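Computed from a predicted model, the values in this text were never measured in an experiment.
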Amino acid sequence: MSTQVSIERAELRHVEEIAPLFDAYRRFYGQVDDPRARSFLEERVARHESVVFVARLHGAAIGFTQLYPCFASVSLARMFVLYDLFVALQARRCGAATALLRAGVDYARTQGASQLMLQTALTNLPGQRLYEREGWVRDNDFYVYEYHLRRGEHAATRV
């Protein structure tokens with residue numbers, strides 16, 4: 001397979017071709033297909049709530065990464081959460097994941113960010129090897145906690 005992978009920042013017009021990759025990414029993490037997924041991605045791009053890069057091989061979209069901007073209070077700096085990184089199974093091992101990861105880092109750098117953060121499944125050993133090879137450091141000092149709200153649950157006023 002040729003390794004002529006190109007990366008571009010996705011715009012609203014790219015959502016249609018990224019949506020199947022987004023669905024495949026969600027399936028990789030055990031989610032069932034959801035008709036809301038495409039509109040979720042479209043809203044993030046349209047509202048500039050995330051930055052999405054798409055990887056292409058011979059003009060076809062084969063992967064994507066999505067970054068969410070945020071801030072780090074402790075370091076008083078801008079940062080990004082690299083929340084999604086996915087390359088279609090048939091297009092793996094062509095350098096697309098590395099190129100997407102580097103595009104995310106380069107973008108964060110141009111935005112004056114001090115760091116990027118990501119999480120991956122404990123079982124995603126190929127991803128872990130990629131991240132470490134690219135200079136990402138596994139956090140051994142902090143645990144990640146989640147609190148899941150039920151759909152439709154509203155915040156109660158507490159005094």
Side-chain angles (χ1 to χ4, degrees), residues 3-26 28-29 31 34 36-88 91-122 124-149 155:
T3 57
Q4 291 295 84
V5 173
S6 63
I7 305 294
E8 69 178 307
R9 184 169 174 182
E11 298 175 2
L12 202 50
R13 62 188 168 90
H14 298 117
V15 168
E16 195 65 39
E17 64 183 331
I18 298 170
L21 296 166
F22 188 62
D23 288 336
Y25 165 77
R26 294 183 70 255
F28 176 83
Y29 280 106
Q31 300 300 305
D34 189 320
R36 299 171 303 161
R38 185 191 178 286
S39 61
F40 177 89
L41 180 62
E42 186 173 55
E43 287 174 12
R44 301 297 73 74
V45 174
R47 296 176 182 174
H48 304 286
E49 294 173 340
S50 72
V51 177
V52 178
F53 291 96
V54 59
R56 296 181 184 286
L57 184 62
H58 307 300
I62 60 164
F64 77 100
T65 190
Q66 183 164 212
L67 303 154
Y68 290 98
C70 59
F71 295 90
S73 300
V74 174
S75 60
L76 304 174
R78 181 181 183 91
M79 64 177 284
F80 286 87
V81 176
L82 193 151
Y83 202 86
D84 311 326
L85 176 65
F86 181 79
V87 175
R92 295 194 179 159
R93 313 256 344 130
C94 71
T98 299
L100 285 165
L101 198 58
R102 290 177 181 174
V105 169
D106 290 345
Y107 178 80
R109 186 178 289 117
T110 67
Q111 299 302 301
S114 66
Q115 69 182 39
L116 291 95
M117 178 184 297
L118 66 77
Q119 298 179 103
T120 193
L122 297 176
N124 186 1
L125 299 179
Q128 293 170 36
R129 284 191 295 273
L130 168 66
Y131 306 140
E132 292 174 12
R133 188 173 60 243
E134 288 297 308
W136 293 68
V137 179
R138 184 184 313 208
D139 188 318
N140 293 315
D141 297 327
F142 294 93
Y143 290 115
V144 174
Y145 289 86
E146 297 176 346
Y147 186 93
H148 296 270
L149 299 171

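- Within the 4.5 Å cutoff, side-chain heavy atoms of T98 are placed close to those of R133.
- To the nearest 0.5 Å, atom CD of residue Q119 and atom CG of residue N124 are 12.5 Å apart.
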Quiz item: Between F64 and H14, does a side chain to side chain contact (heavy atoms under 4.5 Å, CB included) hold up when you go through it step by step?
Solution: CA-CA 11 Å; F64 77 100; H14 298 117; over 6 Å; no
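- Using cut-offs of 30° and 60° on the angle between ring planes, the pair Y29 and Y25 is perpendicular.
- By the 4.5 Å heavy-atom criterion applied to side chains, L118 and L85 are not counted as neighbours.
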Practice problem: For E42 and L12, run side chain to side chain contact (heavy atoms under 4.5 Å, CB included): C-alpha distance rounded to whole Å, both residues' side-chain angles, the deciding distance at 0.1 Å, then the answer. | Solution: CA-CA 7 Å; E42 186 173 55; L12 202 50; 3.6 Å; yes
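- The CG atom of L100 lies 9.5 Å from the CG atom of L130; values are rounded to the nearest 0.5 Å.
- Under the 4.5 Å side-chain criterion, counting only non-hydrogen atoms from C-beta, E16 is in contact with R38.
- More than 12 heavy atoms of other shown residues, nucleotides or ligands fall within 6.0 angstrom of atom CE in M79.
- The side-chain heavy atoms of E132 and R129, taken from C-beta on, include no pair separated by under 4.5 Å.
- Between R26 and D23 no salt bridge is recorded (no basic side-chain N to carboxylate O distance below 4.0 Å).
- Residues R44 and V52 have side chains not in contact (no heavy-atom distance under 4.5 Å, counting atoms from C-beta outward).
- A cation-pi contact, defined as under 6.0 Å to the ring centre and within 45° of the axis, links R92 to F86.
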Quiz prompt | side chain to side chain contact (heavy atoms under 4.5 Å, CB included) evaluation trace for W136 with L101 | solution = CA-CA 10 Å; W136 293 68; L101 198 58; 3.7 Å; yes
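- At least one side-chain heavy atom of V51 sits under 4.5 Å from a side-chain heavy atom of F53.
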Quiz item: Should D84 and S50 be marked as a side chain to side chain contact (heavy atoms under 4.5 Å, CB included) after you check the CA-CA gap, both sets of side-chain angles, and the distance that decides it?
Solution: CA-CA 11 Å; D84 311 326; S50 72; over 6 Å; no
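- The CD atom of E17 sits 11.5 Å away from atom CD1 of I62, with the distance rounded to the nearest 0.5 Å.
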